[in-house]
Structures are given as structure tokens and as C-alpha cells.
**Q** 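My questions will all concern the structure given below.
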4 protein chains.
Amino acid sequence: MTRRRRPTTGGNTVPREMTDATNASKSQKSREAILESAAKLFRRQGYSATTLRQIADLAEIQAGSIYYYFDSKDAILDEVLDEGLRRVFNGVKLKLKQAGDISHRQKIALAIEAHLVALHDASDFTSANIRIYGQLPERLKGPHRAIRRAYARYWDRLLSNAQKADEIRSDIELIPLRIFVLGALNWTVEWFDLSKKDAVQKLARRTESIIFDGVKR
Amino acid sequence: MTRRRRPTTGGNTVPREMTDATNASKSQKSREAILESAAKLFRRQGYSATTLRQIADLAEIQAGSIYYYFDSKDAILDEVLDEGLRRVFNGVKLKLKQAGDISHRQKIALAIEAHLVALHDASDFTSANIRIYGQLPERLKGPHRAIRRAYARYWDRLLSNAQKADEIRSDIELIPLRIFVLGALNWTVEWFDLSKKDAVQKLARRTESIIFDGVKR
Amino acid sequence: MTRRRRPTTGGNTVPREMTDATNASKSQKSREAILESAAKLFRRQGYSATTLRQIADLAEIQAGSIYYYFDSKDAILDEVLDEGLRRVFNGVKLKLKQAGDISHRQKIALAIEAHLVALHDASDFTSANIRIYGQLPERLKGPHRAIRRAYARYWDRLLSNAQKADEIRSDIELIPLRIFVLGALNWTVEWFDLSKKDAVQKLARRTESIIFDGVKR
Amino acid sequence: MTRRRRPTTGGNTVPREMTDATNASKSQKSREAILESAAKLFRRQGYSATTLRQIADLAEIQAGSIYYYFDSKDAILDEVLDEGLRRVFNGVKLKLKQAGDISHRQKIALAIEAHLVALHDASDFTSANIRIYGQLPERLKGPHRAIRRAYARYWDRLLSNAQKADEIRSDIELIPLRIFVLGALNWTVEWFDLSKKDAVQKLARRTESIIFDGVKR
DNA sequence: TATGAATGAGCATTCATTCAT
DNA sequence: AATGAATGAATGCTCATTCAT
């Protein structure tokens, strides 16, 4: 019952920024490969339809070997989910931090773009998270509720600040608005192939324009 | 190979509204119960995570009995998916047919409302469809692509007419707009419990307002 | 536990000769249809691979209806087996009874012919019996051992008489000979389509010639 | 779809004689155990009446483990069938190759003996093949038709050579003769327990004598 | 006289998981 | 650091059987 867990770099708080090539051991690489394969397959097929054998095949290891790195399929999901949300969240925060002194509308525009980038990026972590979270059993959702709520609150603040600054009409209720905006963004995963250069940026600008200005003449 | 499939109600065009108690045979009731249970579970957990035993339990029959009515789990999904899309589609078309001579914006507002109603209705067929379709393997998606495309084109026409009538800015590209709007609507399934009276109508109005007028002051 | 068994004409001792058209009720016809369908399918696919649904389909009734006529699948087999052996046995006995005063070799020749006729006849009862008996579980074989042994003993007498009359070499052991002869005959089911006119007669004559005269120059 | 099937011994041409204990890995042993158990049960009960659980029990492994070695029940059958026919075929060919310069009748006598040996040997592969092949559905028979035909042609040549050398009467048709002979041999499986020493040889000699010299005085 | 509806035990198969090496 | 071999619980599905009508 006391399970292994040797090759972790510290649970879920691994500084994944340094994973690229530096000292990433072979072991580290296998771990990453498993996670990336899992994310890709979860995204495409959902959690339950994805087998460990598929993940192993894609990661080019043996199914049994997965258990050297992870305690269970659930544990892989956990990390994929976590990574996925952290990527959008960090992406959005970073973008806004880098921006100088800009209007609230411009801030929201940047957040939209960063959210879309995370979603349509090469990696599948964020899109996997967005796509499968809703259908997961309570047991698997539970641990991630906190971060998700934090992200939602982050957007709420973004919108609230804009409203206080009179850049959003005062009769707009913010929570439904946030759901509306994030829904529209998230759903693009189901339709769009935004791998082409600048496609994400273009979509982001269009979305921002509709949300602020509306579509009417 | 050529057995079973006796108890069908005659294709997919059954008026399922009158199923309650009227003259629906006992057989028909079981069939409906299976479909409704399946829809509910598919919606909640996805297709692959839902077992026939769960469906049977919810329908209060024995797992083996399902095969008296359906050839396979896939066949159940097929019918749930079909029913689900037909319900939104019919709902939207009916709403617009009933409306008299109204503006394009009003038409779109009605379509939004009807779409949301189908999604948050008592029945889970539409929401199941919307939620799980994207993760299904090709084999299961295939047969439904046509109807889905037809529905998309229906919205495109709605928007196109509005644009021609100068009720939508001419610089707006319509296909991204349609994806944007339907995405925002579909995503509400993930967040909202709109079972409260008028909640759907209120959300519909809010959504329409944002889309047309935008959120800015 | 006290099972039905209404439409039997007296267990296994039914005078099946009068079944043709005379007073055979509709019920009787269904019974026969079930048995004939079962015999055909058992012969082709074996007992265990044949489903009641297949039998019902071929007999053009509903699967459930079989239980109006028979207590179980086993009971059908029982009757098919019985009928099958009785048909060869009666066929051979009848042929020999009709024959006048002939040599032992001629008698055996007639027995060979009658055995082959029963085997390749329109009806599948005998061939089903021959083909599937060996693979049946003890429980199903048991009740038929007696008749089978009786038939074997009948042939043994036939051969023994011939040997006593010096028409078979005295150094030939009769039981292996019987097995050899019946084996050769029975195996034809696996290879030959003897539905063509006179094919059976021709094969019978050839077989008799080999057995008595041998193949050598 | 493209997983498993690792532990093969390299196609079907493995010299299975050396499997006993020599260097056969543990894995190899399990594979053999499955095949041998399957052959024994198929022979006794037929294909469809044999369950994987029975095979697993006899092989002293868990039912699920079978799938580590075989893709399906059908795949096991395939290999059993193949092995079974190869054993007789090789047995007969080997016997004849070892024989020096002998008469055609003596050659046929040896072939009869080798065929009977394969059939009544410790292993059940050949007898399983002979017994169940006829009742198999097309799908399972198909792949083995070629080898079976090759074996039949081999016998045809044996007989044809004998006839050309005037050791078989010229009025004998060879194909029916082959069927007759092989039928007589094959059928012994249904009756005889030839495990006793020399029983097979004795039967072989008797059979050859009847076929060539006939039974008449 | 028959059947439509339903059952439940059992089947082949899958898959997350284990563990000796 | 990783795997080959094996497990066993659970899955979708089949089928002989039941029984009210």
C-alpha cells in the first residue's frame, strides 16, 4: 500500500520550465513522454476511452513501465489536469504582467489571446483539461476544483475592474459574462484547427471586438 | 445476423412527446427508458465510461434485456445522438416558424432561446450529444456529420440574412461568429443549472444583448 | 418442475410414418419443422454452436414457441438423435427383410447401401447423429448408448454370419472390421455430396467391392 | 489493433518436439500448455462447447492470461488446427522418407500406420483437427483448406503410383478410394482407445490387409 | 396455439494493475 | 530503469429459458 514514486521532482510543483534539455535524465524524458501522450489521447478520446497501453505505445515504452513513474492511471490524469490548467493560468498571468499600462479592454483582449494560445498550442494539456473535466467522476474532479475556481476568480476580477472603470456597461452581470466568454473560447477546441500562424491572434481580435462592440451596425 | 430489432416505433420520426402514458405499450416504455437512461449517463460520464449495466439499472431492467431492443451499445448511442440533435434543430425551427414578422435580430434571439431550452430541458438527449460528440471515435461520429452540418448551415443562413439586412456589421465573418455564438451557448451545459423557471429565458436575453450590443459602454 | 409436454404423440415411440399429410395438425407440423431444422443445423454446426433462435428461424416460428413443443434444447437433441439412429437402423432392417434368399455378401452389400442412403438422404437426422454424437457430453450421450450398441451388434451378427458361412476369411477379427466398415461409410458425410441420383448406389457397390475383394490386382 | 503477439516461437515451423524441458522459457511453456489444453478440449467437446475458462483451468493459468499469448479463441483454434494437420502430414512424409526401396503396397501400409499414429498419439492436435473441422464455420475452415487439400493430394499420388505400378486394380477410382481409406482411419478416433502398446501397429496391419486383399475367402 | 418481453447465468474479451527479475 | 508475464474484476454481449397473455 505504500507505493513507490521514485522519479518525481517534487510532486506537482515540479519546475517544469527547466525540463527542456538541460539535465533532463532519460527517466525524466520518459515521464514527460507519458504525460504528453496521455494528454494527447485524453484530449482526443476522453479519459475512460484511453487505455494505458495506448499511452505506452505513444510514449514508446512498455505498459508495465508506466507504473515506475505513476501510481495509477488516475495519477496521470491528475498531473495532466493540473499541468493543463497551470499552463493557461500562467500564460494569461504572464501576458498581463508583461503588458505595460494599458486599458482594461486591452487587458481582456490579451487574456483572450493568451487563453486561446494555451488551448491551441502544440501541447495538449490545456485542451485535454478543458475537454474532459466536465465528464470526470467527482473523485477525479475534486482535487482540481480549487485551481479552477481561482482561474475563474481571476477572470472575474479582470471583468470587474473593467466594469468599475466604466469600460463595461454597468447592467452586465459579470459571472454570466465570464461563462459566456470562456465558453466561446473553450468551444473553439471542438471546431478550429488554429495551428496556422497568426490564426489564434486573428481569432482573438475578432472575439474581443464582438464582445465589446457587439455585432450590430 | 438478421435478428432482433422488432420493437421500433417506425424510424426516428416518432413524436416522443406523447410517450408518457397514453397508448405507449409496455415494450415502448422500456425502449424509451433505456434511451433516456443512456442519454442521462452519457451526458454525465461520457460514452465509454457508461456501462450497459448502469443504463439497465437506471432503466430498471436487466442488462441482458437491453439487447432485446438494441443491437449494441453503439446502436443506443446512435439513437441518443440522433434524437439529441433533432430536438434542438426542431426546437429552433419550430420557434422561428411560430414567430410572425420580426426583425432578424429578434429571430436570432429566438433561436438562441430555443437552443438553450433544448440544452437545459428535462431531457438529456441534446446535452448528451453536445457534450460527448467531440470525443467519439470516427466510426460513431460519421453517421451524424450530415445532420450536424445541416444545423450549422441553418444558423449560417440566419446570420447571413441578418447581415444582408444590415443588422450585422459587414466586417463580421459569419462562420467564426456562428462558432462563437454556439460555443458560448453550448458551454453553458458545463456550468449552469438552468432548471429554475425563466432562468433559460433570462440567459437567452442576456446573451443576445451581449452579442448584438457588446459589453462596452 | 412438472413440465408441460402437450403435443407429443406418445414420447419417442411416435409412429412417424403417418406424419406426412394425413391428419397432421398444424401443431404436429410445427413440431416436425423444429426437429428437421434442428437436425439440419446440428449436422452442419454441431450441437453447441446451434442456437434455439437459429432453429426457430429455420422452422419459421418464434424462439419462445419452441418451448411449447419441447422441454429444452437437450430434449430436441434427444429426439433428433433417436430419430437419426432409428432411421438407419430401420432402413437397414427393412432392406434386408425385403431381400429374398441371398448370399451373406449380398446382404452386407444391401446393408451398406441402406446405411449410406440414410446418411445422405434428404433428411439430416442420421447424419446429424453420426456427426455430433462423439462430441456430446456424457449426459446427452447416455440415453442413446443402448440403441447404438444394438445397431453395432446387428452389424456384428451380419458379419459373423458371413464368416460362419465362410464368406469372410476366418482370420479377420469382426469388431475391428465393423468399425472399419462403418467408419468408412460414416466418413463419407464429411466429403461427399451424394444428392445426385444413383450416386449413393454407385458408392455402395464400390465400397462393397473393395471390402470383399480388396484393391490389389 | 497492433498489440500483443509477442511470444511466438517464430511462425508455425517450430520443431515442437523439443519443447519438453530443454530451453523452453516459462513463457513458451504457458503457450504450449494453452495449445495442448485447447487441443484436448476441442477434440473432446468440439470448438464451440469449449470455453476459454476450461482451457485456462486445464493449462493452470487464469482465463485472462490467455490473451497475453493469443488474440482470440479463433486464433488458438487456428494454431491447433494447423499443428494438427502438420503433424500427420509430417509424420507420414517422414515415415516414407525413412523407408528404403519398398513396394507401393508397403508404402501405403506405412502411410496408414503413420496416419494412425498421429491420430492416436499422446497429443490431441491431429485428432482435434480431424474431429472438429467439419463442423466449423467457413470463416474458420478457410485458412486451412489449402493444407488439407495438399494432404489429400499426397495420398492421391501414393495411390496413383500404386495403380500405375499395377499394385491396385485399374478399375478402382482413386479419389473415392482415398476417401474410403482415410475415412476408415479417421473414424477410429471415435471408437478406439489405441493407447496400448502396439495396438496402433496391429490395427494398421489389419487395415492394410483388408484394403488390399479384401475380406473374402 | 403461440409469442413478445424479459431474465440471468455465462461467455469472450479488455484492461488497470502487480511483481519478479 | 524497465519489462515480460500474469492476474482478476469488469465489460459488452449471447442465449437457453420463463411466463403472462
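Numbers restart at 1 for each chain; the letters A, B, ... are given by sequence-line order, proteins then strands.
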**Q** Applying side chain to side chain donor-acceptor pair (under 3.5 Å), name anything that partners Arg43(B), two or more places apart in sequence or on another chain.
**A**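 Arg43(B) satisfies side chain to side chain donor-acceptor pair (under 3.5 Å) with no other residue.
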**Q** Name the stems with DNA chain F in them: runs of three or more consecutive Watson-Crick or G-U pairs, distances under 3.5 Å?
**A**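 Stems (3+ consecutive pairs) listed as E:2-21 with F:2-21.
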**Q** Give Ile66(A) one of three labels, base, sugar-phosphate or nothing, depending on what nucleic acid heavy atoms sit under 4.0 Å from its own.
**A**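 Nothing: the residue Ile66(A), judged by heavy atoms under 4.0 Å, touches no strand.
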**Q** Please enumerate all protein N or O atoms sitting under 3.5 Å from an N or O of nucleotides 8-11 of chain F, with distances to 0.1 Å.
**A**
unit_1, atom_1, unit_2, atom_2, d
dG8(F), OP2, Gln62(D), OE1, 3.3

**Q** Not counting sequence neighbours, which residues clear side chain to side chain contact (heavy atoms under 4.5 Å, CB included) with Pro137(B)? List them please.
**A**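 Here the qualifying residues are Arg139(B), Leu140(B).
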**Q** What donor-acceptor contacts under 3.5 angstrom involve side-chain atoms of residues 50-58 of chain D, with partners at least two apart or in another chain?
**A**
unit_1, atom_1, unit_2, atom_2, d
Thr50(D), OG1, Leu41(D), O, 3.3
Thr50(D), OG1, Gln45(D), OE1, 3.3
Thr50(D), OG1, Gly46(D), O, 2.7
Thr51(D), OG1, Arg53(D), N, 3.4
Thr51(D), OG1, Gln54(D), N, 3.0
Gln54(D), OE1, Thr51(D), N, 3.0

**Q** Quick one: Glu32(C) CD to dT1(E) P, roughly how many Å, whole number?
**A**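 Atom CD in Glu32(C) sits about 15 Å away from atom P in dT1(E).
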**Q** So, do Asn129(C) and Glu83(C) sit near enough that their side-chain heavy atoms are less than 4.5 Å apart?
**A**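 Answer no - side chains too far apart.
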**Q** Measure from NZ or CZ of Lys73(A) to the centre of the six-membered ring of Tyr67(A), then state whether that distance is under 6.0 Å and the direction lies within 45° of the axis.
**A**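 Not satisfied by the 6.0 Å and 45° rule.
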**Q** Could you state the OH-P distance from Tyr68(B) to dA16(F), rounded to the nearest angstrom?
**A**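 Rounded to the whole Å, the gap is 16 Å.
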**Q** Write down the distance between OH (Tyr67(B)) and C1' (dG10(E)), rounded to a whole number of angstrom.
**A**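 After rounding, the reported distance stands at 14 Å.
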**Q** Could you state the CG-P distance from Leu77(B) to dC13(F), rounded to the nearest angstrom?
**A**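 Checked: the CG to P distance equals 12 Å.
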**Q** Could you state the atom-to-atom distance from CG of Leu41(C) to C1' of dC15(F) in whole Å?
**A**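 So the two atoms are 15 Å apart, to the nearest Å.
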**Q** Under the rule for side chain to side chain donor-acceptor pair (under 3.5 Å), what residues qualify as partners of Asp124(A), not counting sequence neighbours?
**A**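 Here no residue qualifies.
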**Q** Under the side chain to side chain donor-acceptor pair (under 3.5 Å) rule, collect the residues that match up with Glu138(D), sequence neighbours excluded.
**A**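 Glu138(D) satisfies side chain to side chain donor-acceptor pair (under 3.5 Å) with Arg145(D) only.
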**Q** Roughly how many Å is it from CD1 in Ile34(B) to P in dG12(F), rounded to a whole number?
**A**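 The answer, rounded to whole Å, is 14 Å.
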**Q** Measure CG/Asp57(C) against C1'/dT14(F) and give the value in whole Å, please.
**A**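 Value for this atom pair: 15 Å.
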**Q** Mind checking ring-ring contact (aromatic ring centres under 6.0 Å, His included) for Phe125(A) and listing every partner two or more places apart, or none if nothing turns up?
**A**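 Residues passing ring-ring contact (aromatic ring centres under 6.0 Å, His included) with Phe125(A): none at all.
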**Q** In whole angstrom, give the distance that lies between atom CD1 of Ile61(C) and atom P of dT3(E).
**A**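 Taking CD1 of Ile61(C) and P of dT3(E), I get 6 Å after rounding.
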**Q** Which residue lies toward the 5' end of DNA chain E, Glu60(B) or Tyr47(D), if each is placed at its nearest nucleotide?
**A**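 Counting from the 5' end, the first nearest nucleotide belongs to Glu60(B).
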**Q** With sequence neighbours excluded, what pairs up with Ala59(D) under the side chain to side chain contact (heavy atoms under 4.5 Å, CB included) test?
**A**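 Ala33(D), Ile34(D), Ser37(D), Ile61(D).
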